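Scroll down for the structure; my scribbles are underneath it.
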Number of protein chains: 2
Amino acid sequence: MTSEPLLTSDASAAEKRPRKSDGDRLSKLARHKHIVAQLTAAPTLRASEIAAALGVSGETIRRDLVELQEQKLINRTYGGASRPFALEPALTDRKTLMIAEREAIAAAIADLVLPNEVLMLAAGATTFHIARRLASRARDITVITHDYAIAGALAVNSSIRVLCCPGRYHPTEGYVFGTQTIANINSYEANRAIVSATGISARGANDADDEAGAIYGAMVKRAAEAILVADHSKFDQRALTVFAHWTDIDRLVTDRQPEGALATALREAGTEVIIAQP
Amino acid sequence: MTSEPLLTSDASAAEKRPRKSDGDRLSKLARHKHIVAQLTAAPTLRASEIAAALGVSGETIRRDLVELQEQKLINRTYGGASRPFALEPALTDRKTLMIAEREAIAAAIADLVLPNEVLMLAAGATTFHIARRLASRARDITVITHDYAIAGALAVNSSIRVLCCPGRYHPTEGYVFGTQTIANINSYEANRAIVSATGISARGANDADDEAGAIYGAMVKRAAEAILVADHSKFDQRALTVFAHWTDIDRLVTDRQPEGALATALREAGTEVIIAQP
DNA sequence: CTAATTATGTGGCAAGTCCCTCAAATGTTG
DNA sequence: CAACATTTGAGGGACTTGCCACATAATTAG
């Protein structure tokens with residue numbers, strides 16, 4: 001058992017004489033990384049707070065902020081820093097690419113959902129748009145998700161019950177994953193699962209992250225109806241792990257008619273293709 | 001097929017029009033809209049610049065910012081405003097009150113934590129500060145939490161493993177709660193639980209939310225050592241549910257010496273009191 | 001119409017921030 | 001070891017911000 005309070009001693013005792021054995025002090029690079037990282041969790045920071053947290057002087061932090069601003073890694077404010085556009089929580093590509101297509105897909109999905117349904121909604125760029133759309137349209141539904149951005153987006157509608165999965169938190173993606181997540185998903189029954197993918201091919205839907213793929217696969221198997229959303233940029237893309245074959249997918253919602261082997265595979269598996277017009 | 005849009009909560013219908021021939025200056029509402037609109041284009045604004053641009057005094061803009069912040073339409077910074085952060089509910093309140101006290105408490109907690117420990121960290125204003133502090137100080141620890149702001153703050157440190165609890169997502173507070181959350185907490189063993197409270201009194205620690213209290217109580221019972229954090233504004237406050245008695249709490253970390261019945265109860269229960277100096 | 005309420009500006013004061021310079025500590029190189 | 005560059009902290013002065021009390025203008029209510 002540990003019982004060494006060491007109570008105050010934070011920034012008062014060993015401050016005057018920094019010695020080389022003071023392992024607590026961070027290097028400049030470490031401070032910079034820390035500041036940038038903190039900005040993914042908080043919208044703004046104050047220089048004085050950073051200085052207190054890192055145990056360095058405000059002047060040092062201010063100099064750090066100048067450098068970070070020159071590198072466009074932060075946005076300076078009077079008294080601190082704020083997040084630059086680029087570092088919005090993992091929404092970088094989501095906001096810039098295929099917005100119209102994804103919005104159209106999201107609208108089509110929202111039309112499918114009926115009151116009192118139970119949905120599983122996986123992490124992803126398009127599914128985040130779906131969550132926003134559902135938040136403004138849907139009523140009295142239950143959504144099971146492992147993505148916290150989606151949970152937050154849905155929660156603005158108080159008639160939506162949002163159930164979050166347990167698991168290990170993925171720092172850059174903002175969702176949980178792992179065996180606990182899978183087990184939790186398997187404990188539910190849902191009307192529909194809505195999942196995205198890194199790519200879709202004749203073999204089925206694939207993802208670049210095996211942990212994410214495992215979650216998508218579990219959702220697909222667990223729901224009465226499995227819906228895959230993918231804009232046309234995903235056509236014939238192949239990534240690490242194939243998490244579902246077309247026979248497991250009931251509907252594909254996309255923005256353009258598939259062709260070639262992909263179209264053949266969809267037809268043979270009996271997957272309904274819904275084209276959402278932007 | 002259900003087409004029930006009807007729920008567009010965009011709230012731009014009612015345009016209040018004060019019967020006045022406003023030819024010279026903008027109304028308060030117009031200023032507010034201007035500020036919010038500007039924030040969609042720029043990440044941050046400075047109050048002094050807004051004041052100059054709109055031809056009003058800085059004090060007026062500052063009052064505007066206070067109102068807009070209360071409506072969660074902006075995020076205040078020192079000297080101005082930044083874009084609102086929908087994913088992090090109620091973060092603004094946490095940053096404004098008792099900062100020095102909470103930072104001191106957070107620093108004291110960070111000194112207690114050793115590498116390779118397993119912590120349970122509950123939702124709360126002070127515990128959020130603790131998470132930020134741990135993210136910059138701690139190494140190789142595992143943290144179990146039900147609060148997503150805390151998860152995000154911790155995740156910036158890649159040596160911290162963050163495990164999130166399942167449960168129902170609380171829209172305004174940003175944490176999960178419910179029977180799933182409790183069951184998940186009970187499935188772990190932890191070295192320490194760090195919980196906050198709405199208030200502390202001679203009877204013990206209480207919370208205004210019974211669901212949150214149930215989680216705090218479960219964490220306290222589950223960990224080898226239970227630590228309660230509470231600044232002095234919590235002294236002798238009483239709220240809905242008492243979730244832990246002092247005999248269950250091993251340490252109280254606060255910023256001021258308790259007095260009267262509270263001090264007596266702490267002494268009789270053998271709870272160690274750690275005073276963190278701001 | 002007058003009175004009450006609200007909105008806005010002004011001035012003062014404490015605190016915070018910025019930027020500059022200088023000095024000490026640290027790291028690097030020959 | 002010595003010389004040099006880099007990093008950091010401290011101090012001071014100028015400026016900015018936040019907050020308060022109070023006065024004034026504008027709007028609403030009676």
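Since this is a predicted model, take the numbers as computed values, not measurements. Letters A, B, ... mirror the listed sequences (proteins, then strands); counts begin at 1.
- A salt bridge links A:Glu49 with B:Arg132; the closest basic N to acidic carboxylate O contact falls under 4.0 Å.
- B:Tyr169 and A:Tyr148 have their aromatic ring centers separated by at least 6.0 angstrom.
- Between B:Arg31 and the phosphate of C:dT8, there is a side-chain N or O to OP1/OP2 separation shorter than 4.0 Å.
- Per the geometry, CG belonging to B:Leu29 stands 12 Å off P belonging to C:dA7, to the nearest Å.
- A straight line from CG of B:Leu65 to C1' of C:dT8 spans 15 Å, rounded to a whole angstrom.
- For A:Glu59 against C:dC18, a side-chain-to-base donor-acceptor contact under 3.5 Å is absent.
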Protein N or O to nucleotides 15-17 of chain D N or O, pairs below 3.5 Å:
| from | atom 1 | to | atom 2 | distance (Å) |
| --- | --- | --- | --- | --- |
| D:dT16 | O4' | A:Tyr78 | OH | 3.3 |
| D:dT16 | O3' | B:Arg46 | NH2 | 3.0 |
| D:dT17 | OP1 | B:Arg46 | NE | 3.3 |
| D:dT17 | OP1 | B:Arg46 | NH2 | 2.8 |
| D:dT17 | OP1 | B:Ser48 | OG | 2.9 |
| D:dT17 | O3' | B:Gly79 | N | 3.4 |

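- Atom CG of A:Asp64 and atom C1' of D:dT8 are 10 Å apart (whole Å).
- Atom CZ of A:Arg76 has more than 12 neighbouring heavy atoms from other residues, nucleotides or ligands inside a 6.0 Å radius.
- Side-chain contact annotation: A:Asp147 with A:Thr145, donor-acceptor N/O pair under 3.5 Å absent.
- We find that CD1 of A:Ile50 is positioned 16 Å from P of C:dG16, with the value rounded to whole Å.
- Contact of A:Arg63 with D:dG9 (side chain to base): a donor-acceptor pair of N or O atoms is detected under 3.5 Å.
- Annotation: side chain of A:Ile61 is not in contact with side chain of A:Arg63 (no heavy-atom distance under 4.5 Å).
- Listed pair B:Ser57 / C:dG9 meets the phosphate criterion, a side-chain N or O lying under 4.0 Å from OP1 or OP2.
- Rounding to whole angstrom units, NZ of residue A:Lys28 and C1' of D:dG9 are separated by 15 Å.
- Within the 4.5 Å cutoff, the side chain of B:Ile74 has no heavy atoms near those of the B:Arg83 side chain.
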